[in-house]
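When reading the values below, keep in mind they use all heavy atoms of this one structure, side chains included, and skip hydrogens, waters and symmetry mates.
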Amino acid sequence: MAAWLDLVSESTGWTLVDTGRMKELVQGMSHPHTQFPSVVYFAGNGSRIKALRALFPHNNITRRGPAGLVRLHLSTGTANTQNPILLAESSLSNVSGLGESSLRRWSSDNVQRYRILQGGTRRVLDIQQQVISQMLLPWTNVFCLFVDTQSDIRDACQLLKRPRQTVTIGSQSIPDLMRTVVILTGAQNHGIEDLSKASHELHATDRLSKDVTVLDLRDRHELSPTAAFEPLRRLILNEIQDIRGEQSRQGLSFSAIHLSTLWTRTLRLELGTSKASVLDCLQVARENHRLNNISTECLVEFIKQATSYIHAKDGVHAFIASALLMNAYPPGMHGFDPDLVFNSLYRRGCLEGWRILEDDDEHQHCNAVFEHFTQYFRSMSPTRSSAAIRKDILRSYYLQWNGLSSTTTCFYCLCRPPEHMLACRHAICDTCVVVFGTPSKCAEYHFDIIKCPLCYKPSPLTFRQLPPTKRPLVLSLDGGGVRGIIQLGLLRTSVGALNEIDLILNGTSAEDGFRKFPAFARKVFQLASAPSQKFSVSSCAKWIKCLIGFFADGQYDGDNLENTLKEAINPMRRMFDVSTTLSAGSRLAIITSRISDGKACVLANYRGIGQRAIDSAYEFLKPEDESQNPFLWEVARCSVAAPWFFQTKSLPGFGPLQDGGVRANNPLAIALKESAIIWPSHGTHDLVVSVGTGLSSSEAKAQDAPMGSILKDGAVPRIIRAAMSSPSMDGEQGFYEALNYVPDRMRAHIFRLNHALPWPLPRLDDVGRLEDLSELSYSVPDELVRAILATGFLFFELDQTPIRDQGIFYCEGSILCSSPHASELIKRVLAEFPGPRFQTAGGYHLGPVSNNDGCSECGYYRKKVAFTVKSLEEVISIEIANFTFHHKIGGFPKSMHDFLNEQQVA
C-alpha cells in the first residue's frame, strides 16, 4: 500500500509528512461529491496484513512500496459505489519504515509537511501514537487492533487511552462513533486476562460511547486466510452499516470531497501540544463560503422596515428563516444538523437584533425563525435547493415587500451591502445577482435579471461579474479643470477596457465627451454677474481675479456651475442608482475632501465587502438611507469645488465638501486600496492605468539657485511652489509616490498615460486654451494597447481537475472572454498581433488566436487548450504572442493550485 502519513526526523525535530495519498484516492473516485466513504483502520501486528489480503484480495495489499507511518488504499470492490471503503494500515510499534516517503520523489508535488511541536526529548513511539490518536482516529469508523503478545496489548491500551483531537460542529462536539475491534490472533493463550481487564477499563471512560469488541480468532489459525478472518469480515460490515445509519441520523455523513478537506484541515492544527486541538467542521466548511454570515446590522435594518409594511409577523419570520437557510446551505455545502447550525451561527444575532429594537419578545421571535428554518431544511432535496426555497418565499410574500428599500443592506440575502440598484429601487449584492439571475448567453459571468425577485416589478438589466480566476482592471483619473479634455483625448484613442469604463454613469463615450467638453468648460468657467465680481474686467491682471476669488470664496458662480452640471447629467440620477447602460458592473468612485482638514473623501456607486480601516488616510462616505444618497450632479459639484474657484457644496448627512484635488489630485493610491476592498479575494490587479491631465515639456527642471527677491523666493512663494508640486496636488508626483508602495512584481501591470504639452500647463480655468488642447494629436502607446487587448478581457479556467501521470499533471481548460463583444475584440487582437497564438510563458504552443473559436451571432468565445505542469504549485502564464510581442492574458501568473482554489474545486 502507498504511504499516506510519515514521520521524518530533521535537525529541528520531527516533521509529519502528508504524501497527498488521501486526495489522490478521492480524486480517482467516480463521483466523490456524492460518495460517502467509511474509513477502516487496521493496526497492530503482522496479522493485520494477512487480514487485509484475505478480506480485500483485489487490492494488491502486499505490493512493495515506501512504508512510512500509515498506508492508505481504496477498496477496489467498493470504489464506484455510494459508500466506498478507505483502508488505512500501520504498525503500532515498528518504526523501521519511517521516513521512506521521501523515496516517492515523483509525487513530491502533493507532499505537505507539518512541524511537530516538541517539548524536551520524546520517544518515537510516543510521537507515532500521538499522530495516530489525534490525526487519524477522529476520522476512523472501524478501528481493528491486531494483538497477540503482551507487548501488543500494552501498546493497544496505551493508544486508546490517549486524548484525541476534538471535532465539533460549531460549539457542539461530534459524538465518538468509532467502533473498536480488538482481534486476538496467534496460537498462544497468554494475554487474554490482561486484555479483558484493559477492555473493562476503557469501557468505564466517558470518551468511548460504544463497547470495545474483542474478537478471538486464535482457534482459527489453521484455517485458510479467507475462512480464518470471515468473522471479522461480517463484524466490520455490520459495524459500518450501524455507523452509517447513526451518521445519517446525526447529519455526519461526509462526502469524499468533504472528508478529504476536513482531513487536510486537521493536519494544519498544532500537533505535539499537551492539550488536544479543536477542529470546527462548520467553520472549515465555510472558509470559502461566498456568503458572509447574516449580520445583526442587516437584520435590524430589515426588521425596522418590515414592521411598517408587513402585517403578519409570520411573514417576517419566514423571510429571515429562508435567508438564513440560503446562507447556511449553499450548493455543495454539507447538510449539517439544522439545530447545530442555527444555534452556532444565527441564534445570537437574531436575539441581538430584536433586542436592539427593544422588543421584549426577542426569544419568541427567534424561536419562530428557528421553527421555519428547520422546516425549510427538511423540505430541501437534490432537486429543491435552499435558493429555490428562498425564491418561493419571496414570491409568496412579494406584495408585502414592495415598500422595502435600502442602500446599506441587500434584502435578498441579509448578509452583504448591496452593489447594484434595480429599477424598482431595491438594491442587490453580487452574490444574489448570481443566485437570482440567469446566466447571459452573450458573455461569460454576465447575469440577466428580468424581474426583481423581491417585488416582481420589471427590472431588465445585465450584471457583469469579475470572473473568479481573473483580476480587476483599475482606471485612475487625475483632476485638472479644463485640462480634462486631455484625458478624454487619450481615452478616445484607447481600446477595450478603457472605452468600456468611459463615463459609465452617464452612459456616453469618450468621443462624445471630447466633442462636448469645450462648450461645457466655457459654461462652467463663465464669470458671474454678482457684485463681488464687478471689478474683474478683462483688462485686469490675473492676480486681481485670484484676490477677488480669495475674499469671495470663489471667483465663479456656483449656481451657474450647478445648472451646467444638471444639463450635462440627469438631474434626478443619484450616485448609488440604477445603471443607465445595458450592463452594470463597473465601480466608480468620485474623490472629494473635507473642508475642516482636507482629508480625502470617497463617494461611490458601490459598497464593497472588505473592511476599511478606521484610521484610513481617506474616508468612505456611506449613505445610511436614501436621503443621504446624493444626486450625481451634487457629487460632481463637490468634486470640482476647488478653492479660489468655486464655493464648497454641502451634502445631506456629510456636511460641506470641496475638490478632492487638494489632497489626492491623482487618486491612484485610493483606487488600489478600494479595488482590494471591492474584490478582497483577488489579491491584486490585472491592469492599472493612471491618466493625467498633461505635463509641460518646455519647463526646465528645478535647480537650486541663489536666493532671489522675497517676492520670488520668500517663504510664501516657496510654500506655494512646494504645495503645487507636492504629490497631493501634482498628479505626476502623486503617481510616483503611489508607485513607491506597490510591490515590484506588480509594477509591470501599471501604466501612466499622459500627454506632454509644448507650452506651460494652462490654469484650471483657462478656457482660452481649449481650442489648442482639442487640436493636439493624442495617442496611446502600442504597449498599453496590446496589454489591454491581452489582459483586459481574456482569462483562463480549468475544465477539470489536473490529472497526474508519470510525475506530471495534464491540465485541460478554456481561454474565455468576459466581453459581450468578443468577436470585435479578437479582430482587434488579430490586427495588433499579426499572426497571434496562445502559448505558455515557456513557449509551449496552445493554438492560434482565431475568431473560429467564438460564436459570431451571440459573441460567446471559448478556446480549448491543454498543457502540462510539473507540479500543482508551479507558477505559469498563458500569453498572446507572435514573433515580436508577447503579453499575458488576465489572471496570470498563477499556479494550478490557485485556479483550483479560485474555482472552489476541492
(message) Determine whether Ser814 and Phe796 satisfy the following criterion, side-chain contact (heavy atoms from CB on, under 4.5 Å), listing intermediate values before the conclusion.
(response) CA-CA 6 Å; Ser814 297; Phe796 171 82; 5.9 Å; no
(message) Under the criterion ring pair (Phe, Tyr, Trp, His ring centres under 6.0 Å), I'd like the reasoning laid out for Phe795 against Phe899: C-alpha separation, chi angles, the key distance, then a yes or no.
(response) CA-CA 11 Å; Phe795 63 99; Phe899 278 101; 9.6 Å; no
(request) Walk me through it: do Phe463 and His420 pass the test side-chain contact (heavy atoms from CB on, under 4.5 Å)? (result) CA-CA 9 Å; Phe463 296 88; His420 315 282; 3.4 Å; yes
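Residue Arg464 forms a side-chain contact (heavy atoms from CB on, under 4.5 Å) with just one option from Ser586, Ser819, Ser818, and that option is Ser586. Residue Tyr618 forms a side chain to side chain donor-acceptor pair (under 3.5 Å) with just one option from Lys599, Glu674, Arg663, and that option is Glu674.
Other residues, nucleotides and ligands contribute more than 12 heavy atoms inside 6.0 Å of the CZ atom of Arg747. Crowding of Gln611 atom CD: a count of heavy atoms from other residues, nucleotides or ligands under 6.0 Å not exceeding 12. In the displayed structure, Glu775 atom CD is contacted under 6.0 Å by more than 12 heavy atoms of other residues, nucleotides or ligands. In this structure, Lys673 places its NZ atom where only 12 or fewer heavy-atom neighbours from other residues, nucleotides or ligands lie under 6.0 Å away. Other residues, nucleotides and ligands place more than 12 heavy atoms under 6.0 Å from the CD atom of Glu874.
Using modelled atom types, one side-chain atom of Gln903 and one backbone atom of Leu798 make a donor-acceptor pair closer than 3.5 Å. In this structure a side-chain-to-backbone donor-acceptor pair under 3.5 Å is missing from Arg607 to Lys622.
Remark: Arg752 engages Asp478, Glu732 in a salt bridge (charged side-chain N to carboxylate O under 4.0 Å, His left out) (not counting sequence neighbours).
Within the model, atoms CG of Asp765 and CZ of Arg483 stand 10.5 Å from one another, a figure rounded to the nearest 0.5 Å.
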